[in-house]
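Written out below as structure tokens is the structure these notes cover.
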Protein chains: 4
Amino acid sequence: MAPKRVDRSARREEILSAAVRVFARQGFAATRIEDVAAEAGIAKGSVYLSFSSRDDLLAAAFARLADRSAGVLGHTTAEGVPAVERLTRLVRSAVAMLADEPELTRVMVDLWAAGRHRGDAAPLDMATVYREYRGAVAGLLREAAGEGDLRPGIGEPEATVVVGAIEGCLVQWLMDPAVPLAGLADTVVGVCLSGLRSDGAASPPCPLPAAPVPVTDTGNGPGAGRTQGPSGA
Amino acid sequence: MAPKRVDRSARREEILSAAVRVFARQGFAATRIEDVAAEAGIAKGSVYLSFSSRDDLLAAAFARLADRSAGVLGHTTAEGVPAVERLTRLVRSAVAMLADEPELTRVMVDLWAAGRHRGDAAPLDMATVYREYRGAVAGLLREAAGEGDLRPGIGEPEATVVVGAIEGCLVQWLMDPAVPLAGLADTVVGVCLSGLRSDGAASPPCPLPAAPVPVTDTGNGPGAGRTQGPSGA
Amino acid sequence: MAPKRVDRSARREEILSAAVRVFARQGFAATRIEDVAAEAGIAKGSVYLSFSSRDDLLAAAFARLADRSAGVLGHTTAEGVPAVERLTRLVRSAVAMLADEPELTRVMVDLWAAGRHRGDAAPLDMATVYREYRGAVAGLLREAAGEGDLRPGIGEPEATVVVGAIEGCLVQWLMDPAVPLAGLADTVVGVCLSGLRSDGAASPPCPLPAAPVPVTDTGNGPGAGRTQGPSGA
Amino acid sequence: MAPKRVDRSARREEILSAAVRVFARQGFAATRIEDVAAEAGIAKGSVYLSFSSRDDLLAAAFARLADRSAGVLGHTTAEGVPAVERLTRLVRSAVAMLADEPELTRVMVDLWAAGRHRGDAAPLDMATVYREYRGAVAGLLREAAGEGDLRPGIGEPEATVVVGAIEGCLVQWLMDPAVPLAGLADTVVGVCLSGLRSDGAASPPCPLPAAPVPVTDTGNGPGAGRTQGPSGA
DNA sequence: AATGAATGAGTTTTCATTCAT
DNA sequence: CATGAATGAAAACTCATTCAT
């Protein structure tokens, strides 16, 4: 009845987009294949022409998210741009990406929830996605430290916090649309880079006898000359 | 046959704990009432003596999480303690709370995912929980600013970032147990208060000799012991 | 709604019997689980309390048939009965068994059809059932030959014919209820034992130059003394 | 794209042969139109250009089998040949026919199973086929009795046994390819004509120098070469 | 109170058949 | 004629919930 479809992968994309919209609206668990088909304007059975199963659809949604994430990480390699600037761009584009496709954000949380419970392997390997995410940010932070813009001793833990701040803000926005997403990227950057302390007041309120916090040196004087070359060791 | 139950609410708690364990293991979507019953060591039908429905079980898990969160927010009202320190305690106890009940933390993501899609009643009002969470943190930040420890002009957006950093770190730990949860609380505080710039003091938070919440070691497998020193580029 | 069932395996038997009735009426392929449930007077889902899947039901039907067959084979071991007599009983009871449960006969054909197409193994191993069937008959034939009632040189091929005659008659009765099943057992025995030739006329119409038929000796004289002892070697 | 089909009925035959091959391999119940199309090397929809439905395909397979059977029955009318010999030829050609088209034989069982359950039209009237089959054999038996080769009083029941022996042997061969089909025709004739008693002549059928049907060797794997000599009890 | 058999609505998935190209 | 995407009516199977015991 419906006219014959020309492009197989175009149809696949259409269905996937429809699926993501429905996932965002109802969540994975509450989404039936029929809902996806209805959203795509096709018959239930037709979904199976493009996806072999419901799980296949989930995996594709994951892949799409991973793909978008990879796009964001592209900002880490811009040439001739200070690492701090690249980090700012990265944060901004991460937020912008998801703000552009709010559905993906909603799906993201579902993926977090679904990412567990399948020890198998490939399809929903959120751990790897975030590992790479953190790795990229950590690399940027170390570069920036090398360039003198950030203090030395920065590594994975700090990257975890930066990545966490981004994702955590997105989650809050998701839970509560009243949270202003616009501007949050800059706030994240501002807070993470400059902290919240009174300006210039580098006064640690107290020493650190046995704190588990991994900080090697305290107050290492201001401005350590800005090296701009490629992530010099 | 089984001896009569002593306490109704004790039984309810037992079942809820069993449910949370199973939710954490399999996710809410994949958890059947029978799984919960088996975990609790009772018969399927008996679950309904304590909970009116499957969703009621999820709502109860939410309530437990909300309860724990309320406990964490108690730190904001300590008398005679600088706001900055109260904030530090808040962050630490938030992380410690979830590290203490990893199952509940895992369920948290399911709750995020389930929190939407039920406009009718509001058994899972995650928005309100996080609104209060942010409000408390924002209040603390403003107090600290008033005490001169933080720069002025700090408000909700910054609170969103702080809260986001906490939750975002937890999510990463959930996705990937190799992420070292221990120490992340202090890293969050350190990053958020002092920032990462080279001109900011990498001040660790004050050690808390009598921390109100026992920061149990989460023993997150390998990688838990982090490399200090500048992890050279 | 329905009263609680006391005996698990009794219920299983009930369902299996209902299933066999429906299989007989409609055939495997055309039988839906719901049909079986309706025949058993229970709800669709209740079938799954006793059988894990539709295939499990098929396997059980097969097992029941195999069980009945085993019962028939019991006649081969009667003590103090000439092998020829035991053979007669075997044939009669094989026919009687299926005439008693016409449903099973119909199912049998479905099993023949289903027995193929699953190289796997166990559940529908019709080959083994018939191998044993033939083996038992062949043993009986050899015994009878040893007792002097049948001519020597009789073996598996003849057993195949005897078994085939039984099954083939049943199939014809199945295809066409007008075929008189009663009496067929004796006809089978009569034909197979005495042949159809003119009485006593042992006149072979022609010699056997290179016929592939495995006959070692021709016309070995009449009556070789009847040994009645237990299957003497 | 493909060159225009020369002959409608040739195409129909091609598809039917493909269908029979697939039916034999998977059974009718498990065979999808697409499987048949694939086996025939055409597109799914094209099957419908030659057959009106899936059932039509089965009916056509039945028709082919009925056609082959009719061919076999042709042996009953040979002029100037003793009825006993015509019977022998009939049995031999029945077996040879099916051995020649093993796929069709395998489908036969499916047809037995499917022959029931469709009272409406009568596309699969197995009853009639076997009725005619029996009738022809019975006629032959009576003729042979008239010619003095068989004892008098022989009729339908005996014909049922003879036909049954043939079909029953074929079924056993289908269930278990180790059953030696070659030679079974002669064993059937031998057993049915002379019986197995020691006072019966174990007369093999007359060798047929110019057998009308080429008894191709079915080469049924191991066990095909049977052990002659009395396999002692 | 506790149990677990029974229920049946709800979902996924398959596949015969149609028909626009 | 040939094709294969599209359709939607089945059918298997699941599982929350009920309720007789």
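Lettering follows sequence order; numbering is per chain, from 1. Everything numeric in this text was worked out from a predicted model, so none of it was measured.
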N/O (side chain, B/Arg11) to phosphate O (OP1/OP2, E/dA1) under 4.0 Å: no

Atom-pair distance (CD1 on D/Ile15; C1' on F/dT3), nearest Å: 13 Å

Phosphate contact (F/dC1 OP1 or OP2) by D/Arg8 side-chain N/O below 4.0 Å: yes

A/Val129 side chain reached by A/Phe62 side chain, heavy atoms, under 4.5 Å: yes

Distance, rounded to the nearest Å, where C/Asp56 contributes CG and F/dC13 contributes C1': 13 Å

Non-hydrogen side-chain atoms of C/Leu57 and C/Arg54 separated by less than 4.5 Å: no

Separation of atom CG in A/Asp7 from atom C1' in E/dT21, rounded to whole Å: 16 Å

Non-hydrogen side-chain atoms of C/Val36 and C/Glu39 separated by less than 4.5 Å: no

B/Thr31 side, atom OG1; B/Leu58 side, atom CG - distance, nearest 0.5 Å: 9.5 Å

Whichever of B/Ala43 and C/Ile42 has its nearest DNA chain E nucleotide further upstream toward 5': B/Ala43

For atom CG of A/Leu57 and atom P of E/dT11, their distance in whole Å: 16 Å

Within-4.5 Å side-chain heavy-atom neighbours: A/Ser17 and A/Ile15: no

Pair A/Arg21 + A/Glu103, salt bridge at N-O below 4.0 Å: no

Sidechain N-carboxylate O distance under 4.0 Å for C/Asp67, C/Arg64: no

Protein-nucleotide distance (B/Phe51, atom CZ; E/dA2, atom P), rounded to Å: 13 Å

Nucleotides 12-17 of chain E: protein proximity per nucleotide (B base, S sugar-phosphate only, - neither; heavy atom, under 4.0 Å): SBBSSB

Stem list, DNA chain F (Watson-Crick or G-U pairing under 3.5 Å, at least 3 consecutive pairs): E:2-21 with F:2-21

Integer-rounded Å distance: F/dA11 P and C/Phe28 CZ: 17 Å

4.5 Å side-chain heavy-atom contact, D/Leu65 and D/Val107: no

Parallel, tilted or perpendicular, as decided by the 30° and 60° cut-offs, for the rings of D/Phe28 and D/Phe23: perpendicular

Nearest-angstrom distance from the residue atom CZ of C/Arg12 to C1' of E/dA5: 16 Å

Nucleotide F/dA5, atom P - distance to CD of A/Glu14 in whole Å: 15 Å

